[in-house]
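These notes concern the structure reproduced below.
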Amino acid sequence: MLEPERYELNEGPAYHFELERRDFFKFLGGGLVLLLVFDHPADAQESGRAPRGDARPPEIAAWLHIGEDGAVTVYTGKAEMGQNIRTSLTQAVAEELHAPVSSIQLVMADTALTPYDMGTFGSRTTPTMAPQLRKVGAAAREALIGLAAEKWKTSRASITVAGGKVKNASSGETIGFGELTQGRQIMSTVNAANLTPADQWTTAGSSVTKVNARDIVTGAHRYASDIARPGMLLGRVLRPPMVDAKLVSVDASKLNGVSGVLVVRDGDFAGVVAEDELTAATALAAISSRWDHQKDQPSDKNVYQYLKSHTQSGARSNPEHGSIDQALASSDHKLDATYTVAYIAHTPLEPRAAVAEWEDGKLTVWTGTQRPFGVRSELAEAFSIPEDRVRVIVPDTGSGYGGKHSGECAIEAARLAKAAKKPVKLIWTREEEFTWAYFRPAGVIDIRGGITSDGLLAAWEFHNYNSGPSGINTPYEVPSHVIEFHATDSPLRQGSYRGLAATANHFARESHMDDLAVAAGLDPLEFRLKNLKDARLRAVLQAAADKFGWSNSQSTPTRGFGLACGVEKGGYVASCAEVSIAQPGGKVKIERVVTAFECGAIVNPEHLKNQVEGSVIMGIGGALFESIQFADGKILNAQLSKYRVPRFSDTPAVETVLLDRKDLPSAGAGETPIVALAPAVGNAIFHATGTRIRSLPMI
Amino acid sequence: MELVVNQKHYRIEVHPDRMLLWVLRNDLELTGTKYGCGEGQCGACTVLVDGAPVRSCLARASTAAGKEITTIEGLAQNGKLHPLQEAFIQADAMQCGYCTPGMIVSGAALLKKTPQPSDAEIRRAMEGNVCRCGTYPRIVAAVRMASRQSTQRTANGGPHA
């Protein structure tokens, strides 16, 4: 499921779990263990396994353990970073196991304890991991029923499981899960199970409170940056003055004889280790260094010309879907336009952080990453050691938004710890996070669109340079179309982001559709519905418009109303926005946003609503003001005081309509609700001012 | 120097230029107070010094010596959560939770000064705190909820939070 724009990903070797039965019980203790194995190669690939040789061993997707004390522990390689999957996955298990949420613990994203997982991205947890955990939960319930039937010498049919207890319906006796497994080591393998349909859910489908909320509000939760180890030292890394620079020389002679400071030099890497953060920072500043770098690099001022002139795939291909030129020529109204989107930064509030510890040639790293197994591979490769000597533990992380896929901070901490022979913590500064992570790609999108005199799309040509192909296909009916993504060289390091390129592609498409509606003389809602067959997308569009009061929304020069919609990663979204335009000055403020979202059967309505609201508010930054400024390889606004993110005062009234489709499988929801915000706002600005803004950010 | 944190007295050797944030986190292992930007722009490092909100990433530890410092770890009393902590859970006013300690400490400072703030007053007082996950409307709702709760408690003769 790797989308082409995940530039930062370098998929690690497939991991083959070789735990023996006795090893499982050694680290889990006695009781009942349920292993879920993939029986379809496609399922296995979904979680990132690559076939290896002919005899592929059974691949384990998840496991569940019920201890002798009745404690239920479920193991998954997914990572929690604010999307609330620790809660939703717990609900999934609770639903099938017929046990309370509070009785189930999830062990997540620890390469020594959890099954392999390619990574937590692409909104894949809910559609792929949740069904797997539900299967293992259902199988555990069936196994408990079997044990109880055996114990009570009765038929399985007379045994029920509810509220974490097993009951003999004929005698009325009840017994806890732990008592049933006591003194035994039972291991069972499953690859399928009957799952409870969504319309019969009792635990899933309800607004269960975030399971570790208390730890968060008390400050007790330990993020990677909060981990402490005995004798731990603090590290800092020497950074080049610009990207793509090569280290020529380092002079650390000022630190000769300074006690408590260790300078580490290895190839292009240099860093310091000290007992406290001030000593480390002072030592780093005392090192002088010379770097070689390329001159005349592009800047944010000319990056769009650069991207269009640096395509990797050469010229545009010849249209195959009918003759687009002919279709455009015969259209009654035609509109050509170019859209641009800037590089933006994820700016997770917890910057990259890692604590690394070496012991007997084995490396343990606590770090905030979306790819624990990928980072393990990176570490193993960096230090030329086998993967089984590296353990990566990911505490629930201070957000990622697609920005924490790579392991550079973990490698740096491990290199410093290796030299120091003590555990080392490295927390990237905010400036480092802005400069040395990666950005959402900048891009250029060229569109040519044509409609008939009665407002039907006739031709659609769409070329995206660099920002990526996610969400590039139009959901509208159009007889003649050419839609292409063109990979280009990027002057800055770029990678995944919440919603990926779908934000850029929706911004361009939905802005252009709005202009075509005007050309057709039709209301923007009416024009979209006229060209849209997809029932799920029509449903969210209509729901958002109804809740917003679209039919009564007449734009004026000081107040504008706009809407936009889209489908991405199995989720359907429509947003309506109201903006005010201050006079004089023209300052834009988003006053109100109504978003309708549908992603199949809803697992946790309150948390889903929270994700939709969060997407809308994060989307305001990219829509209105976030942009990385750079020149000659230097990031010019690598601070929160210079890079503006949405704050309380930027927040409009946010309303959410959730459509619950219990008849459809659940899709992920952390990304898609972001894609309609920017075009809805741009359209609202246009309907107020008559000015069409075709660049993100818009102000 | 002597630091009084959450009513506990610590006598520690600290370089006078070290910031309170790092002394709390690295020396006293009170890691609930977070680093977010190092320039007072995000509010993740907010603590109370004699009841007033302070950006601990910009305050030298020496400036807080001898004063009453309250961190997120000191808000709950005898295992009972502060009304704001309860309200944040009730309102689901968090996603990744990294900004939450700073938000709650800032909110607690506001409620101490202004027990019944309007939504506009809440937003103004919290403007310097960033939630990158975008839970702002829920945070406003949580502060509002906690202000109502503590008002009711005072009316019932209970302790004022």
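Residue numbering restarts at 1 for every chain, and letters A, B, ... go by the order of the sequence lines.
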Query raised in the report: Contact part of B:Arg132 toward chain A, heavy-atom cut-off under 4.5 Å: side chain, backbone, both or neither?
Result: both

Query raised in the report: What pair of heavy atoms forms the shortest contact from A:Tyr223 to B:Gly97, and how long is it?
Result: OH-C, 2.9 Å

Query raised in the report: Just checking, any donor-acceptor pair under 3.5 angstrom between side chains of A:Asn84 and B:Gln95?
Result: no

Query raised in the report: Who wins among A:Ala281, A:Gly621, A:Ala353, A:Gly398 for the most heavy-atom pairs under 4.5 Å with chain B?
Result: A:Gly398

Query raised in the report: Are A:Glu613 and B:Arg138 ion-paired here, with the side-chain N under 4.0 Å from a carboxylate O?
Result: yes

Query raised in the report: Is a side-chain N or O of B:Tyr98 found less than 3.5 angstrom from the main chain of A:Gly82, in a donor-acceptor match?
Result: no

Requested in this report: Classify the angle between the aromatic ring planes of B:Tyr136 and A:Phe648 as parallel (below 30°), tilted (30 to 60°) or perpendicular (above 60°).
Outcome: tilted

Query raised in the report: Tell me, side chain or backbone of B:Arg25 under 4.5 Å from chain A's heavy atoms, or both, or neither?
Result: side chain

Query raised in the report: In terms of heavy-atom proximity below 4.5 Å to chain B, should A:Gln83 be classed as side chain, backbone, both, or neither?
Result: neither

Report task. Against chain B, label A:Ser225 side chain, backbone, both or neither, depending on which of its atoms sit under 4.5 Å from a heavy atom there. Result -> both

Query raised in the report: Tell me, side chain or backbone of A:Ile427 under 4.5 Å from chain B's heavy atoms, or both, or neither?
Result: side chain

Query raised in the report: When only pairs under 4.5 Å are counted, which of A:Met81, A:Arg222, A:Lys425, A:His221 shares the most heavy-atom pairs with chain B?
Result: A:Arg222

Query raised in the report: Between A:His607, A:Glu80, A:Met232, which shows the greatest number of heavy-atom pairs under 4.5 Å with chain B?
Result: A:His607

**Report entry** Sub-4.5 Å side-chain heavy-atom contact between B:Ile89 and A:Lys210
**Finding:** no

Query raised in the report: Counting only N and O atoms by type, is there a donor-acceptor contact under 3.5 Å from the side chain of A:Arg647 to the main-chain atoms of B:Val130?
Result: no

Requested in this report: Would you mind checking which part of B:Leu75 comes under 4.5 Å of any heavy atom in chain A, side chain (CB onward), backbone (N, CA, C, O), both or neither?
Outcome: neither

Report summary line: Okay, A:Thr218 and chain B: the region with an atom under 4.5 Å from a heavy atom over there is both

Report task. For the pair A:Arg214 and B:Glu86, find out whether any cationic side-chain nitrogen is under 4.0 Å from an anionic carboxylate oxygen. Result -> no

Query raised in the report: Relative to chain A, which segment of B:Asn26 carries a heavy atom at a distance below 4.5 Å: side chain, backbone, both, or neither?
Result: side chain

Query raised in the report: chain B: which of A:Thr209, A:Thr347, A:Thr397 shares the most heavy-atom pairs with it under 4.5 Å?
Result: A:Thr347

**Report entry** Atom pair CG (A:Leu234) and CH2 (B:Trp22), whose distance is rounded to the nearest 0.5 Å
**Finding:** 8.5 Å

Query - Toward chain B, the part of A:Ile227 with a non-hydrogen atom under 4.5 Å - result: neither

Query raised in the report: Is there a donor-acceptor contact under 3.5 Å from the side chain of B:Arg123 to the main chain of A:Ser649?
Result: no

Requested in this report: Please check if the side chain of A:Asn610 supplies one atom and the backbone of B:Ala93 the other of a donor-acceptor pair under 3.5 Å.
Outcome: no

Query - Nearest heavy-atom neighbours spanning A:Ile617 and B:Pro137 - result: CD1-CD, 3.4 Å

Query raised in the report: Do you know which of B:Thr100, B:Val140, B:Asp92 has the most heavy-atom pairs under 4.5 Å to chain A?
Result: B:Asp92

Query raised in the report: Do other residues, nucleotides or ligands put more than 12 heavy atoms under 6.0 Å from the CD atom of B:Glu121?
Result: yes

Query raised in the report: Is it true that atom CD of B:Glu2 has more than 12 heavy atoms of other residues, nucleotides or ligands lying nearer than 6.0 Å?
Result: yes

Query raised in the report: Got more than 12 heavy atoms from elsewhere within 6.0 Å of NZ, A:Lys589?
Result: yes

Report task. Would you please say whether a donor-acceptor pair under 3.5 Å links the side chains of A:Ser641 and B:Glu39? Result -> yes

